[in-house]
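Inspection log for the structure reproduced underneath, given as structure tokens.
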2 protein chains.
Amino acid sequence: MTRPVTSAERALTALRDLIMGGQLAPGARLGEVELADRLGVSRTPVREALSRLAAEGLVQVVPNRGARVATWTVAELEGVFDLRAVLEPRLTALAVPNVRPADVDELDALARQMLEVGSPGPGQDLDALVPLNRAFHDRLVALAGHPALAAALAAAIHPPIVRRNFLTYDEESLRRSLAHHGEIVAALSAGDPEWARAVMTSHIANARAVMVRAARLQTTATATPEEETA
Amino acid sequence: MTRPVTSAERALTALRDLIMGGQLAPGARLGEVELADRLGVSRTPVREALSRLAAEGLVQVVPNRGARVATWTVAELEGVFDLRAVLEPRLTALAVPNVRPADVDELDALARQMLEVGSPGPGQDLDALVPLNRAFHDRLVALAGHPALAAALAAAIHPPIVRRNFLTYDEESLRRSLAHHGEIVAALSAGDPEWARAVMTSHIANARAVMVRAARLQTTATATPEEETA
DNA sequence: CCTCGCTCGATTGCATGCAACGTAGGGGTG
DNA sequence: CACCCCTACGTTGCATGCAATCGAGCGAGG
């Protein structure tokens, strides 16, 4: 979207990417000076970024005790997907009347790209899926033209970090997920809100099953969320 | 809840109250030095507060051009109530199994107080309704035990500013609204999630009608959102 | 040996100073 | 007369310094 011009915004997006990308594990300490050095700015923009990330729910800040990457329980994760299961299908249905042919083409291109880099084989690149998936869903959010719903979704989704999604998908679930994207495009193209809603419902349910299973495994595997920074 | 201890938090809540209370009209300019003087702190905590309020959607910040109180259109306001109509009934139903007798008593007390200060007559004090109403709904949110839903709701509700709610209620709608609170308590006490959900749905629909009408009148009355600060 | 209190180091919170950007007004030119 | 540029002011963005707070480690007392 808009290129970050201020240092604070760069720090914000950089930190967000670092967290969403897994370089900063949940529970990891976020020292201001360390981050400032790492990002090549002073503490002020770092503080601002941390503040805003705290508002988004990605980090937890305790006064005089610093910031840590937010953690979440399996129950919270399930709650997030419950919510997505309510909001995203609605949003998708809302998008239908606003979709123009150019939008269909764009979404179709994204879906095809995801199919390309996501399909098993030599060209598989799961890391490339993350931005594509995000672009796809963001596009849908924009097409829905419903700022309040967008804000609610953003607030709900951020915490759980969607990143490990594609790294934890088993082959069958991933294939389903990729197929859903294409089917959503088809429903939009056909102008059928109920179809679109139904596919998105399936899409979220599928993702929910994968994520919850992965979270269960993770929490049982790593007893204590240690101070991993790298 | 937790008393704000840092200057930034005080500035945050002070600014939020100023905006929600109507002292800072939508579109009003928010100069850092002016606010700093007004709140008796330096610009740094003010900047932090503005940043977080921007993340909440209460103010809009444009780099190098300062912050203004966020404005919203009637369509956005309607969107917010659409969303509340989906989320709050669910939330209320979720709260039902978690409600303990003490909670019922507490909510009942709030509902009765609101009835007291809200009923027409010599003791009517509409300004007192705002914190009571907020306490009531916050209590419900807490009882639902669904952090993601709470976050989504908070993100969605903040922008439209609930304040003028009670100042714009006509007598009949206000009576209905106050009655709803009591009925919600009854539904919770009876342990009937469907009842609770239904009442909350009505509650939001009623509020929606009032707010949208008020917003229509307001926007047609004030052509341009002038630089009102007081 | 365990517990409590204290001091020191490290980190955060805030204020202030300086540089950069944006805006408004006036003068000059086409 | 209209338009453009250019200068000056006000404001924001960021860096840095200093005071306050927190936590760890150590020593004394029970």
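Reckoned from all heavy atoms, side chains included, excluding hydrogens, waters and symmetry mates.
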Without decimals, in angstroms, what is the distance between Leu12(B) CG and dG13(C) C1'?
15 Å

Examine dC14(C): is either OP1 or OP2 under 4.0 Å from a nitrogen or oxygen in the side chain of Ser7(B)? Give yes or no.
yes

Base, sugar-phosphate, or nothing: which does Thr44(B) touch, judged by heavy atoms less than 4.0 Å apart?
base

Asn64(B) CG to dG13(D) C1', in whole Å, measures 7 Å

Below 4.0 Å: OP1/OP2 of dT12(D) and any side-chain N or O of Arg29(B):
yes

Pairing donors with acceptors under 3.5 angstrom, does anything connect the side chains of Arg16(B) and Thr13(B)?
no

Salt bridge or not between Asp82(B) and Arg90(A)? Use side-chain N to carboxylate O under 4.0 Å.
no

Walking DNA chain D from its 5' end, the first of Pro63(A) and Arg65(B) to be reached, judged by nearest nucleotide, is Arg65(B)

Nearest of dC14(D), dT12(C), dC14(C) to any side-chain atom of Glu32(A)?
dT12(C)

Starting at atom CD of Glu48(B), determine the distance to atom P of dC14(D), rounded to an integer number of angstrom.
14 Å

Arg10(A) versus Ser7(A), side-chain donor and acceptor atoms under 3.5 Å:
yes

Arg47(A) side-chain N/O to dG13(C) phosphate OP1/OP2 under 4.0 Å:
yes

Taking any heavy-atom pair under 4.0 Å as a contact, classify Leu50(A): base, sugar-phosphate, or nothing.
nothing

Can you check whether any acceptor in the base of dG13(C) is under 3.5 Å from a donor in the side chain of Arg43(A), or vice versa?
yes

